[in-house]
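As structure tokens, the structure follows; a few thoughts come after it.
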Amino acid sequence: MPLLNIEAELNGPQLEAVTTLEGPVLIIAGAGSGKTRVITYRIARMLEAGIPQSNILSLTFTNKAAREMEKRVRELTGRKLNNLTVSTFHAFGLKILREEIEYLDGYRKNFSIYDETDRLQLIKDSLRECRLSVEGVDLYSLGQIFSNVKIGRYRWSDAPEALAGTAGTADSSWEPVYREYQQGLKVYNALDFDDLLTLPITIFEDFPNVLEKYRSKYRYIMVDEFQDTSLIQYRLMRILAARNICVVGDDDQSIYSWRGANYENIVKFEADFPGVKEIKLEQNYRSTTTILEAANGVISNNTNRKTKRLWSGKKEGKPIELVYPQNESEEADFIAGRINDLRLRDNLRYDEFGVLVRTNSMIRIIEEAFLAQNIPYKVSGGTSFFQRKEIKDILSYLRVIANSSDDVNLLRIINTPRRGIGKGAVGGIGELARRNHSCLWDALMHFRFADTRDGQLGMFGQDSLSPGKVKVEIDEFVNLIEFFRSEMIGNQGRKGWLLSEQVRSLVNNIDYWSYLASEYSKNEKIARWKFTNIEYLIQSIARWESDPDNLDPGIYPYLNRISLITRDDGEDEAEKGKVNLMTIHASKGLEFPVVFIAGAEEGIIPHERSIEEGEGTIEEERRLFYVAITRARDKLYISSCRKRRRLQNIVECQPSPFLDEIPGHLIGQPEEDSGQTEEEKAADFFALMREKFN
């Protein structure tokens, strides 16, 4: 298949970027400017020019992005791409090590790659080898120190600032443990993920013949999302690239410094590759002029950036709306209500809405509002409140109380908190259910009333408890479920008790706090945070059942309401998809016709930590806000609460200072509610449906 007519498909700067194949090239690609399109067309142009696939290396950051890029090149050229290398940095490092690791003493080609669990276990073993106690050591934090030392971000130091964890230094008292950890990796012929980047560099630096082999092979290198490269990734790219290197990025979208990204690599690139050709992509194909002017107004306040100004061929568009709800509950209700209004008025699908928050903790209250208004949604970049383990545990109890035949939820709670019904007993119950073609609850009942001397129950003695003791534990569990079933559903319960009160009684009865305290004995803060989440759950149930419009505040309607989270929508096109609820970090690279930015308050955007850390961090927070704004295509809402609950306190809030950086003429008056009754809204909805299907 012949290559598409690129002159007709690309604008001027895009065409220049695609056709400049020789020498170092820096493409500054603004938000929505067609970056991926340029990269795929550039690869296609190389192939059309006769450059062999095997000479091209394209590096990106996620496997998903690599697959998408390869797919688009294949569709564009109509060729099989058996020899083209489109890869993440880590996958490329692994490819090198699979071929060359034996150049390093002590390593063999059949090496293993340790995941986080394996890595933390080796750190624990290394502490013991150094005769240090594991108790009280935060293994994850120690692993982060080791990672930063390995990739060169930290150096060992005896200085006082190292003890305080100042960036750039690490407390040298951990150095013997680090050496033991490194020795352990070599003994086990294993690598951690940092090794996938550091060891190829070691091979290239120590064995020039190997470096020349790869330089000769990959004569054309491209790097996507260049602003997100870390120093170690830059070193790998720098040592491998001879001359024909093209990097694509946007310093205004560098928001990952906390995981090692360094937007200043753009400055390093210009210094390391003299004669670099810089091409700016400033035409945005995503957003209205109003949204782009707002983004430009905000980001222009950063000083450490490449000067650029996004522009759009689209119309001016609707004004940005700033709203100032009294608190986070009112904010969440506003977002949910406006989504439902816009769906009806503008015939939008749920998946055309993006709701962006700065931190995971802000997700819960918005989820509740979506549930209350029957809005399906999905959470990205954070854990849904209802998917957290402690919340799932309590909801599983409620589901089994409501439906004892629910095997999945029964298995979740039968030994949570621990009650002596171990794996052997659970396996025996499962086998009994299989033999009798029954649910697990029926098998439990069968076991309760069976004679423990019966040979078929011998399988229950595989745990530390005898079948008789297992029977006692099962009796107590069944009695617990049946008691709360009568309390929540039956007529013998305490009259006048609300569901929320019964759930609190259940939590106390199973002593869930002691379970959390034992699970997180080394970090009571985590245990308390998780128990606070359960209190939030109980409070949300209380709010739901006190709603005067809620005519049936019982356990079944509540569980049905929660099930909306995983609801599959019908075939109706207007009902397809789910609202995208996510952190701003997770939204990068995405776009939505309508975007809500929640919590635009000082201390949240910018985050209070950045205010303490100084101007460089504030600039990253401003970049984060810029990314949030540029996710919107047609309409942008920004909300800033007057008050917000912080832990157990309600605090006064100030609007984010970034809001003052949006030019005033771009901000419009908030749209009033249509004023329609529910019946009128329903009539309008059905009128839209009739028009659509006619």
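Computed from a predicted structure; not experimentally measured. Keep in mind that the numbers below use all heavy atoms, side chains included, and drop hydrogens, waters and symmetry copies.
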Between [Y] and [X], is there a side-chain heavy-atom distance shorter than 4.5 Å?
X      : Y      : answer
Leu310 : Ile299 : no
Val594 : Phe596 : yes
Lys588 : Tyr256 : yes
Leu196 : Leu191 : yes
Ile27  : Val38  : yes
Ser639 : Ile597 : no

Distance flag, aromatic centroids of [Y] and [X], threshold under 6.0 Å:
X      : Y      : answer
Phe92  : Tyr218 : yes
Phe353 : Phe592 : no
Phe269 : Phe273 : yes

Roughly how far, to the nearest 0.5 Å, is the [atom2] atom of [Y] from the [atom1] atom of [X]?
X      : Y      : atom1 : atom2 : result
Ser300 : Glu661 : OG    : CD    : 7.5 Å
Phe370 : Tyr377 : CZ    : OH    : 8.5 Å
Ile43  : Leu76  : CD1   : CG    : 10.0 Å

Could you pull out the closest heavy-atom pair between Asp251 and Ile266, with the gap in Å?
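Looks like CB-CD1, 3.9 Å.
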
For [X], enumerate each residue passing the side-chain contact (heavy atoms from CB on, under 4.5 Å) test, keeping only those at least two apart in sequence or located in another chain.
X      : result
Gln283 : Asn11, Tyr285, Trp311
Ala295 : Tyr626, Ile629, Thr630
Lys109 : Ile101, Glu102
Thr40  : Thr36, Met69, Arg72, Val73

Please confirm whether the backbone N or O of [Y] pairs with a side-chain atom of [X], one donor and one acceptor, at under 3.5 Å?
X      : Y      : value
Arg343 : Arg349 : no
Thr229 : Phe226 : yes
Glu321 : Tyr637 : no
Arg74  : Lys80  : no
Thr289 : Lys314 : yes

Could you tell me which residues satisfy side chain to side chain donor-acceptor pair (under 3.5 Å) with [X], sequence neighbours excluded, listed by chain and number?
X      : answer
Arg358 : Glu621
Glu282 : none
Thr307 : none

Only pairs at least two apart or in different chains count here, so list each side-chain hydrogen bond (donor to acceptor under 3.5 Å, both in side chains) that has a residue in residues 270-281.
Glu16-Lys277, Tyr234-Asp272, Glu270-Lys306, Glu278-Lys306

Please assess Asn284 against Ser33 for the test side-chain hydrogen bond (donor to acceptor under 3.5 Å, both in side chains), listing each intermediate value before the final yes or no.
CA-CA 4 Å; Asn284 176 287; Ser33 62; over 6 Å; no

Think Arg98 forms a cation-pi with Phe111, using NZ or CZ under 6.0 Å from the six-ring centre and within 45 degrees of its axis?
yes

What residues form a salt bridge (Lys or Arg N to Asp or Glu O under 4.0 Å) with [X], not counting sequence neighbours?
X      : result
Lys392 : none
Asp252 : Arg305, Lys308
Arg219 : none
Glu205 : Arg235

Indicate whether any N or O donor in one side chain lies under 3.5 Å from an N or O acceptor in the other, for [X] and [Y].
X      : Y      : value
Tyr214 : Glu99  : yes
Asn580 : Asp351 : no
Thr288 : Thr290 : no
Tyr114 : Gln121 : no

Are [X] and [Y] ion-paired here, with the side-chain N under 4.0 Å from a carboxylate O?
X      : Y      : value
Lys35  : Glu225 : yes
Arg364 : Glu367 : no
Lys150 : Asp195 : yes
Arg37  : Asp224 : no
Arg215 : Glu212 : no

Lys64 atom NZ, neighbour heavy-atom count above 12 within 6.0 Å
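Not more than 12 within 6.0 Å, no.
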
So does Lys217 have more than 12 non-hydrogen atoms from other groups sitting under 6.0 Å from NZ?
yes

One pair to check against side-chain hydrogen bond (donor to acceptor under 3.5 Å, both in side chains): Ser230 and Gln233. What are the steps and the verdict?
CA-CA 5 Å; Ser230 64; Gln233 289 166 332; 3.3 Å; yes

Checking Arg286 against Glu591 for the salt bridge (Lys or Arg N to Asp or Glu O under 4.0 Å) test, could you report, in this order, the C-alpha distance in whole Å, the side-chain angles of both residues, the deciding distance, and whether it holds?
CA-CA 8 Å; Arg286 172 188 301 157; Glu591 59 183 77; 3.3 Å; yes

Show the numbers, then the answer: is there a side-chain hydrogen bond (donor to acceptor under 3.5 Å, both in side chains) between Gln14 and Tyr41?
CA-CA 9 Å; Gln14 288 176 334; Tyr41 269 82; over 6 Å; no

